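Remember, predicted model here, so these are calculated numbers, not experimental data. Just follow the structure's listing: the first ligand is 1, and inside any ligand the first atom is 1.
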Amino acid sequence: MKTYIVGNWKLNFTVGEASIYLHKLLKTLPNYRDLEVVVAPSALALQPLSLQVDRHKIKLAAQNAFYRDTGAYTGEISFAQLRGMVDFAIIGHSERRYVLREDDKMIAKKVAAAIRNHITPILCIGEIESERAFGETKDVIRDQLIGGLSEVSDDELSKVIIAYEPVWAISSAKSAKLATPDEVGEVVNLIRKTLMDTYGAKASENVPVLFGGSVNASNAGAYLTVPGVNGLLMGASSLILNEFVDIIEIAKRVRA
Ligand code: PGA
């Protein structure tokens with residue numbers, strides 16, 4: 001299975017800054033065969049960057065899109081409009097769940113819309129700090145996973161990527177704590193077991209599971225060696241070009 005290194009730029013970089021970053025990244029990176037390097041710029045930058053990017057080296061992801069393809073939905077961008085422009089879409093990120101109030105039902109529709117438009121959804125799931133403290137992590141993970149995938153058929157499961165992002169470990173959290181590799185391993189096992197129970201062993205074994213939450217060049221190696229982890233999703237450290245490149249290099253070494 002490929003290793004995925006995904007940079008989520010969130011609400012950062014102007015279109016010009018995004019273009020300069022991409023230019024430098026393209027110049028630095030060779031063409032890795034087993035490594036999928038993905039960046040998720042703001043929606044505004046996707047179109048120009050899609051003309052600039054060399055897809056052999058880097059793929060683009062949307063950070064979000066709406067679940068209807070067309071219609072009277074003022075202010076929205078659809079997966080249908082993004083079709084051909086991006087290869088991936090981050091869906092269900094905790095900032096959309098908790099700041100923009102997206103629920104599992106809406107997230108499931110977005111996952112289906114992405115697949116319908118040939119865009120690979122990166123479905124983000126993860127518990128908040130109090131849910132972990134009250135021993136609810138397993139239930140939250142199962143609910144978000146099964147809820148988010150509720151419109152995905154057995155055949156379509158191979159088109160999905162899951163990202164485990166404990167919300168308390170995301171760098172923007174007030175008192176972000178690092179998840180230990182053991183904590184990550186435990187939840188990743190649960191994700192794999194839930195997929196297996198729901199879709200069967202064959203359909204579920206090829207689903208990539210990524211980890212995200214304050215990943216940086218110092219801890220990337222440890223997370224990448226957790227059994228069952230197939231890549232990393234990062235925010236803050238993907239904004240620093242040198243650090244992002246370091247993490248890509250680490251992934252190459254760890255996975256060699
Ligand atoms: P972080 O963000 O790497 O800054 O913690 C991860 C994310 O929100 O996807």
*asked:* Taking only non-hydrogen atoms of S214, do any sit less than 4.0 angstrom from ligand 1?
replied: yes

_Element-labelled atoms of ligand 1 that are located less than 4.0 Å from some non-hydrogen atom of M234_ = 3 (O)

*Can you find a side-chain donor-acceptor pair between W9 and Q63 that sits under 3.5 Å?*
no

_So, 4.0 Å and heavy atoms of G212: is ligand 1 close enough to count as a contact?_
no

_With a heavy-atom distance limit of 4.0 Å, tell me whether N8 approaches ligand 1 through its side chain, its backbone, both, or neither._
side chain

*Nearest protein heavy atom with distance in Å, relative to atom 4 (O) of ligand 1*: S171 OG, 2.5 Å

_atom 9 (O) of ligand 1: the protein heavy-atom neighbour that sits closest, reported with distance to 0.1 Å_ = E165 OE2, 2.8 Å

_Checking E205 against Y199: is there a side-chain donor and acceptor pair closer than 3.5 Å?_
no

*Kindly give the heavy-atom pair with the smallest separation between R97 and G92, and that separation in Å.*
NE-O, 2.9 Å

*State, to 0.1 Å, how close L60 and L46 come at their nearest heavy-atom pair, and which atoms those are.*
CD1-O, 3.9 Å

*Mark up the atoms of ligand 1 that fall under 4.0 Å of a heavy atom belonging to G213, in ascending order.*
5 (O)

*What atoms of ligand 1 come closer than 4.0 angstrom to any heavy atom of H93?*
7 (C), 8 (O), 9 (O)

*Assess whether atom CG of L26 is packed by more than 12 heavy atoms of other residues, nucleotides or ligands within 6.0 Å.*
yes

*Is there a side-chain contact between V226 and F211 (heavy atoms, below 4.5 Å)?*
no

*Any idea which atoms of ligand 1 are less than 4.0 Å away from a heavy-atom of G235?*
1 (P), 2 (O), 3 (O), 4 (O), 6 (C)

Show me the side-chain donor-acceptor pairs of residues 248-256 shorter than 3.5 Å, one per line, residues at least two apart or across chains.
unit_1: E249; atom_1: OE2; unit_2: Y32; atom_2: OH; d: 2.9
unit_1: R255; atom_1: NH2; unit_2: L224; atom_2: O; d: 2.7
unit_1: R255; atom_1: NH2; unit_2: V229; atom_2: O; d: 2.5

*Report yes if S172 has an N/O atom closer than 3.5 Å to an N/O atom of ligand 1; otherwise report no.*
no

*Between E243 and A217, which heavy-atom pair has the shortest distance, and what is it?*
OE2-N, 2.8 Å

_With respect to A236, determine whether any N or O atom, backbone or side chain, lies less than 3.5 Å from an N or O atom of ligand 1._
yes

